[in-house]
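As structure tokens, the structure follows; a few thoughts come after it.
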Amino acid sequence: MEAERIRVMVTVKAYPTLSRQYNETVCVAGVRMDTERPEHVRLFPVPFRDMEQSKQFKKYDIIEIAVTGHSRDDRPESRRPVLDSLEVVGHVSSDRSWERRAEWVRPLVAASLCQIKREQKTRTPPSDSAQVRVGA
């Protein structure tokens, strides 16, 4: 598979898990910033603690990384990262009441859990990444 370079605002780093194949690894989720409209992206496997210090990123850092499709995961947002290509290129601050972060996330927020479920039924393969606003 040919690699594609993408730009991602990291929003989630999952708790590390152990596996025979990858040792300790995490799943990273974020919002693609290089597409016409923001999109969910899931990066796996990421052996975060084994990565060199300069490549270790924080939530809301902007990373650029080459990715390929994931041969054993057909969810549309899943990508396999080419880790030696990873660069931390910025950070989206929480200044102005998180406005800069919100401008990337708002287009992905669903009106309700029912809307998310309906979209999962009509999408093949279904996505498991979604956001819904809870409360006020």
Side-chain angles (χ1 to χ4, degrees):
M1 273 183 236
E2 191 170 320
E4 162 191 28
R5 190 151 182 90
I6 64 173
R7 178 178 276 243
V8 177
M9 176 177 67
V10 175
T11 56
V12 176
K13 279 193 299 187
Y15 191 80
T17 58
L18 296 175
S19 85
R20 288 187 185 136
Q21 185 173 1
Y22 303 117
N23 296 322
E24 184 184 89
T25 188
V26 298
C27 175
V28 173
V31 177
R32 284 192 64 171
M33 302 175 84
D34 62 324
T35 52
E36 187 175 316
R37 185 172 191 278
E39 297 175 6
H40 291 287
V41 67
R42 176 183 178 275
L43 304 175
F44 184 83
V46 179
F48 191 77
R49 286 199 246 203
D50 293 337
M51 293 167 39
E52 49 186 87
Q53 191 73 31
S54 66
K55 293 182 183 284
Q56 291 187 4
F57 48 85
K58 299 184 276 299
K59 282 177 65 174
Y60 303 107
D61 275 355
I62 300 169
I63 63 172
E64 289 185 357
I65 189 165
V67 296
T68 61
H70 214 293
S71 61
R72 293 184 309 234
D73 186 346
D74 64 354
R75 290 174 286 192
E77 70 275 11
S78 290
R79 300 288 181 271
R80 179 178 294 277
V82 179
L83 295 167
D84 61 356
S85 74
L86 188 147
E87 290 180 74
V88 179
V89 296
H91 183 80
V92 182
S93 78
S94 60
D95 294 350
R96 297 187 342 229
S97 301
W98 288 49
E99 187 58 36
R100 288 196 59 227
R101 294 175 183 177
E103 71 187 48
W104 290 100
V105 175
R106 261 191 216 111
L108 300 171
V109 175
S112 68
L113 187 55
C114 293
Q115 177 187 348
I116 292 168
K117 292 291 190 187
R118 278 193 303 273
E119 289 173 2
Q120 284 179 326
K121 286 181 182 177
T122 60
R123 191 171 189 174
T124 306
S127 170
D128 71 352
S129 297
Q131 286 140 351
V132 65
R133 184 181 175 108
V134 179

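Bear in mind the structure is a predicted one, so any value in this text is a computation, not a measurement.
- The side-chain contact (heavy atoms from CB on, under 4.5 Å) check on Thr35 picks up Arg32, Glu39, with sequence neighbours excluded.
- Proximity of a side-chain donor or acceptor of Arg7 to a complementary backbone N or O of Ile62 within less than 3.5 Å is not detected.
- The CG atom of Leu86 sits 4.0 Å away from the CD1 atom of Ile65 when rounded to the nearest 0.5 Å.
- For the ring-ring contact (aromatic ring centres under 6.0 Å, His included) condition, the pairs that include at least one residue of residues 47-76, sequence neighbours left out, are Phe48-Phe57, Tyr60-Trp98.
- Counting heavy atoms from C-beta on, the side chains of Pro81 and Val46 come closer than 4.5 Å.
- Atom CG of Leu43 sits about 12.5 Å away from atom NZ of Lys13, to the nearest 0.5 Å.
- Evaluation of the salt bridge (Lys or Arg N to Asp or Glu O under 4.0 Å) test over residues 81-95, restricted to residues two or more places apart or in two chains, returns Arg5-Glu87.
- Atom CZ of Arg106 is separated from atom CZ of Arg101 by 13.5 Å, given to the nearest 0.5 angstrom.
- Checked against side chain to side chain donor-acceptor pair (under 3.5 Å), Glu103 has no partners two or more places apart in sequence or in another chain.
- Linking Ile, Leu, Val, Met, Phe, Trp and Tyr whenever their side-chain heavy atoms come within less than 4.5 Å puts Val89 and Trp104 in one cluster.
- Follow the hydrophobic side-chain contacts under 4.5 Å out from Val67 and you reach Met51 in the same cluster.
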Could you please spell out the steps behind the side-chain contact (heavy atoms from CB on, under 4.5 Å) verdict for Ile63 and Val28? CA-CA 11 Å; Ile63 63 172; Val28 173; 5.5 Å; no
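- Residues in residues 47-61 take part in these salt bridge (Lys or Arg N to Asp or Glu O under 4.0 Å) pairs, two or more places apart or across chains: Glu24-Arg49.
- Contact detail for Pro16 and Val26: the closest heavy-atom pair is CA-CG1, 3.6 Å.
- Scanning both residues, Pro47 and Leu83, for their nearest heavy atoms gives CD-CD1, 3.2 Å.
- Pairs passing the ring-ring contact (aromatic ring centres under 6.0 Å, His included) check and including a residue from residues 71-92, sequence neighbours excluded, do not occur.
- Taking all atoms of both residues into account, the shortest heavy-atom contact from Pro38 to Val31 is CB-CG1, 3.6 Å.
- Smallest separation of non-hydrogen atoms from Thr11 and Gly30: OG1-CA, 3.5 Å.
- The distance from the CZ atom of Arg42 to the SG atom of Cys27 is 4.0 Å, given to the nearest 0.5 Å.
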